[in-house]
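Order of appearance sets the numbers: ligands from 1, and atoms from 1 within every ligand. Keep in mind that the numbers below use all heavy atoms, side chains included, and drop hydrogens, waters and symmetry copies.
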Amino acid sequence: MAQDRKKVLVLGAGYAGLQTVTKLQKELSAEAAEITLINKNEYHYETTWLHEVSAGTINYEDLLYPVEKTVNKNKVNFVVAEVTKIDRNAKRVETDKGVYDFDILVVALGFVSETFGIDGMKEHAFQIENVLTSRKLSRHIEDKFANYVASKDKDDRDLSILVGGAGFTGIEFLGELTDRVPELCSKYGIDQNKVKLTCVEAAPKMLPMFSDELVNYAVNYLEERGVEFKIATPIVACNEKGFVVEVNGQKQQLEAGTSVWTAGVRGSHLMEESFEGVKRGRIINKQDLTIDGHDDIFVVGDCAAFIPAGEERPLPTTAQIAMQQGEHVAMNIKHMLNGEPTQDFQYVNRGTVCSLGAHDGIGIVYGRDISGKKAAFLKKVIDTRAIYKLGGVGLAFKKGKF
Ligand code: FAD
Ligand code: NAD
């Protein structure tokens, strides 16, 4: 019997990978399969809270917890290792700690920041990508405020922050900054009027998925708290002084002590190296979340470009979708192990909330526009629910937002 156990290998313990594993361990007996989860850190982190760590409104410890707390050791072998190669034809994955064979593979390696090859962006701008990049950013911002106070020749650029891209990440990060700046000013005795927060966005309209009313609400909220928006202003380069933007065909230098790039993400770089037909780290799935030519390889979360039947564009990259895909893949693996056909994935869109700091926000929930404290409250419910789904009641009480 033991020899017949299929090897199920899950790569990545983010929302998609961890949800796959926690669902699998609920659904399968220990004898049903040999499940291995590989993740480069011993911890899982709430990627959806990274803007808070980046601004310094929460500590980095608040958004991470050990993967071991969520996995059943009798059913899942958890390995801390970095995946370095996926050999899809040999059905083998290489890591810095050894090689793992698989019968069924789930690729859930998540996202990295995408700078679109913009000159100097990788070198000079901060990114909101993982726990380490976010810690680095919040420390840098605070260091700049401290430096401003300590230095004789005050440099106003120390109190200037440029945020490139007014997508969800940029807006949520700015919302946190409007909470954090008054704290920092009070801690270091700085006049808040000296702080400059500037958001630079290439498109003429921000957050196109929201109504004009909601976008105006967010813009007004942030402007009242000191954010200046430069819309229809593409960033074309980044250097040690800040962003270079293009306005009416002319290049302009925007100066700041902190430049943050929040203008896009892509799937893991391993995707291009491992599969064909990958664009920006994402591969188009079949309807059951496997990929063309490989009925035993599932790709989920931000590495997947799932196009619902009858539609033309892939779903966006969100934690909500990653978790639903993780659950679905676990059920499909169960079907495969039972010799049953796999099922097509159906995404249930419950809505989207964009926070504006801890106490405000905008959103669409079950088709209805919401804003203000109600939106902020719902965002906290969504954040806590994600922990509950992955780690159960105990972890939700310990780590959730109450
Ligand atoms: P990830 O969460 O990126 O997890 C990937 C995992 O794989 C990580 O644990 C990583 O360490 C691991 N890994 C990566 N490479 C390797 C390797 N080579 N070897 C081993 N392990 C590896 N979405 C929402 O729905 N709602 C929100 O409110 C929301 N807020 C967000 C806020 C911010 C600031 C950001 C940046 C994103 C937000 N998103 C939100 C998007 C959401 O976070 C992503 O869509 C989601 O994290 C994707 O989940 P995933 O499991 O595919 O990848
Ligand atoms: P995004 O791609 O959604 O937004 C990037 C923004 O940057 C866009 O407005 C784009 O026009 C702008 N941009 C691109 N190039 C630019 C340039 N050269 N100069 C100036 N602006 C430029 O990226 P994101 O905000 O990082 O979000 C990534 C994914 O994560 C999305 O799918 C998003 O839905 C998801 N997310 C969701 C939430 C939430 O649900 N609350 C929060 C954060 C992220």
Is [X] near ligand 1, meaning one of its heavy atoms is under 4.0 Å from it?
X: Ala81; value: yes
X: Ala13; value: yes
X: Gln19; value: no

Side chain, backbone, both or neither: which applies to [X] and ligand 2 if a contact is any heavy-atom pair less than 4.0 Å apart?
X: Val245; value: neither
X: Val265; value: side chain
X: Gln320; value: neither
X: Val236; value: neither
X: Leu207; value: neither
X: Trp49; value: neither

- Query: What pair of heavy atoms forms the shortest contact from Val53 to Ser138, and how long is it?
  - Reply: O-CB, 3.1 Å
- Measure the distances from the heavy atoms of Gly164 to every atom of ligand 2 and state whether one is below 4.0 angstrom. no
Just go through [options] and tell me whose heavy atom is the nearest to [atom].
atom: atom 21 (N) of ligand 2; options: Ala202, Pro208, Gly363; result: Ala202
atom: atom 9 (O) of ligand 2; options: Gln127, Glu201, Met121, Arg266; result: Glu201
atom: atom 18 (N) of ligand 2; options: Ile362, Val353, Ile235, Leu315; result: Ile235

- Check whether any protein heavy atom sits under 4.0 Å from atom 1 (P) of ligand 2. no
- Message: Regarding ligand 2, does Ala203 bring an N or O atom to under 3.5 Å of one of the ligand's N or O atoms?
- Response: no
- Query: Should Thr317 be counted as touching ligand 2, given the test is an N or O pair under 3.5 Å?
  - Reply: yes
- Query: Is there at least one pair of N or O atoms, one from Thr47 and one from ligand 1, spaced under 3.5 Å apart?
  - Reply: yes
- Query: Out of Arg266, Arg280, Lys279, which one pairs with Glu272 under the salt bridge (Lys or Arg N to Asp or Glu O under 4.0 Å) rule?
  - Reply: Arg266
- Which atoms of ligand 2 sit under 4.0 Å from any heavy atom of Ile118? 18 (N)
- Task: Please work out which of the three classes, parallel, tilted or perpendicular, describes the rings of Phe397 and Phe402, given edges at 30° and 60°.
- Result: parallel
